[in-house]
Amino acid sequence: MYHPALAPAVPLVEPVWREAISPEDFAANLADVNARIAAACLQAGRSPASVRLLPVSKTWPAERVRLAWQAGLREFGENRIQEASAKARELADLDGLRWAIIGHLQSNKARQLVRFASEFHALDSLALALELDKRLQQAGRGLDVLVQINTSGEASKFGLAPQDAAAFLHALRPYSALRVRGLMTLALHSRDVPAVRQCFAGLRVLRDHLQQIAPAGMQLDELSMGMSGDFELAIAEGATTVRIGQALFGPRVMPDALFWPGLAQ
Ligand SMILES: *Cc1c(COP(=O)(O)O)cnc(C)c1O
């Protein structure tokens with residue numbers, strides 16, 4: 001199933017993702033990913049406990065998520081609300097399942113997210129913050145959110161420009177149901193290691209700066225950055241959550257251009 005055109009951003013190890021079709025496969029892929037996380041942490045002088053693995057199940061059917069759950073995985077990231085909420089419904093019988101929405105969300109989909117998601121990594125507009133807060137208040141619940149930053153400067157990427165983040169955080173203060181935990185980014189989709197690393201370093205530097213000036217009570221500890229192809233670099237730059245799809249589930253047959261509109265196919 002591996003196709004060179006789908007190669008992830010930074011093949012620090014030659015990436016041959018193995019499709020998981022049983023709980024045992026998921027356990028084996030998980031062991032590999034955990035070993036890579038541990039090695040990256042060792043190299044960075046960090047504790048592996050300081051990095052959270054968020055499995056990304058986008059494009060895979062609910063039955064694959066069920067197998068992953070049988071292998072012990074409980075949290076799953078999805079970047080499309082429709083697809084995510086359909087899976088959440090199908091898998092409502094599973095104990096302890098938690099959903100993270102990690103992709104762009106239109107304001108008119110806020111209500112859908114509030115029904116089943118426990119975190120959101122792609123907050124990038126006040127219109128959406130307002131709508132999410134309203135729906136959360138109605139539901140009597142809160143939501144962990146990360147602010148998405150466009151660290152690569154690509155026009156095709158969602159997220160705030162770094163220089164707009166400080167004002168944005170202050171503008172979020174009235175939305176008390178949103179628990180702002182930190183920042184999220186997608187690095188440049190490239191094999192240029194220094195350029196990819198620069199995106200991750202940029203997010204960390206921005207987070208460190210924002211921690212000095214953030215509204216009282218806003219923690220900003222989290223850096224959600226790094227995917228199957230580049231997470232070692234992200235860990236070296238301080239990632240606290242890595243979002244891993246292909247290394248756990250297997251290669252995606254759909255082109256990445258579907259998820260990063262503007263990328264050449
Ligand atoms: C798909 C996706 C990931 C995971 O990418 P993989 O290459 O499958 O590890 C991470 N973050 C976001 C926002 C995604 O859309």
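One-based numbering, in listed order, for ligands and for the atoms of each. The figures here come from the full heavy-atom set of this structure, side chains too, leaving out hydrogens, waters and symmetry mates. The chain is numbered in sequence order, starting from 1. Everything numeric in this text was worked out from a predicted model, so none of it was measured.
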Sequence neighbours excluded, the answer for side-chain hydrogen bond (donor to acceptor under 3.5 Å, both in side chains) partners of Arg207 is none
If we number the atoms of ligand 1 from 1 as shown, the ones under 4.0 Å from a heavy atom of Arg243 are 4 (C), 9 (O), 10 (C), 11 (N), 12 (C), 13 (C)
Next item on the list: Please say whether Gly245 places an N or O atom under 3.5 Å from an N or O atom belonging to ligand 1.
Entry: yes
Closest heavy-atom approach to atom 2 (C) of ligand 1 among Met227, Met184, Lys58 is made by Lys58
Measure up the His104 and Phe158 rings against each other and bin them: parallel (under 30°), tilted (30 to 60°), perpendicular (over 60°). parallel
So for His121 against ligand 1, with non-hydrogen atoms under 4.0 Å, the contacting part is neither
Next on the checklist: I'd like to know if the side chain of His121 pairs up with that of Glu119 as donor and acceptor (distance under 3.5 Å, no hydrogens or angles considered).
Outcome noted: yes
Near Ile102 (heavy-atom distance under 4.0 Å), the atoms of ligand 1 are 11 (N), 12 (C), 13 (C), 14 (C)
The atoms of ligand 1 lying under 4.0 Å from a heavy atom of Ile244, numbered in the order shown, are 9 (O)
### Message
Does the plane of the ring in Phe76 sit parallel, tilted or perpendicular to the ring in Trp99? Use 30° and 60° as the thresholds.
### Response
tilted
Is any side-chain N of the basic residue among Arg197 and Asp230 closer than 4.0 Å to the acidic one's carboxylate O? no
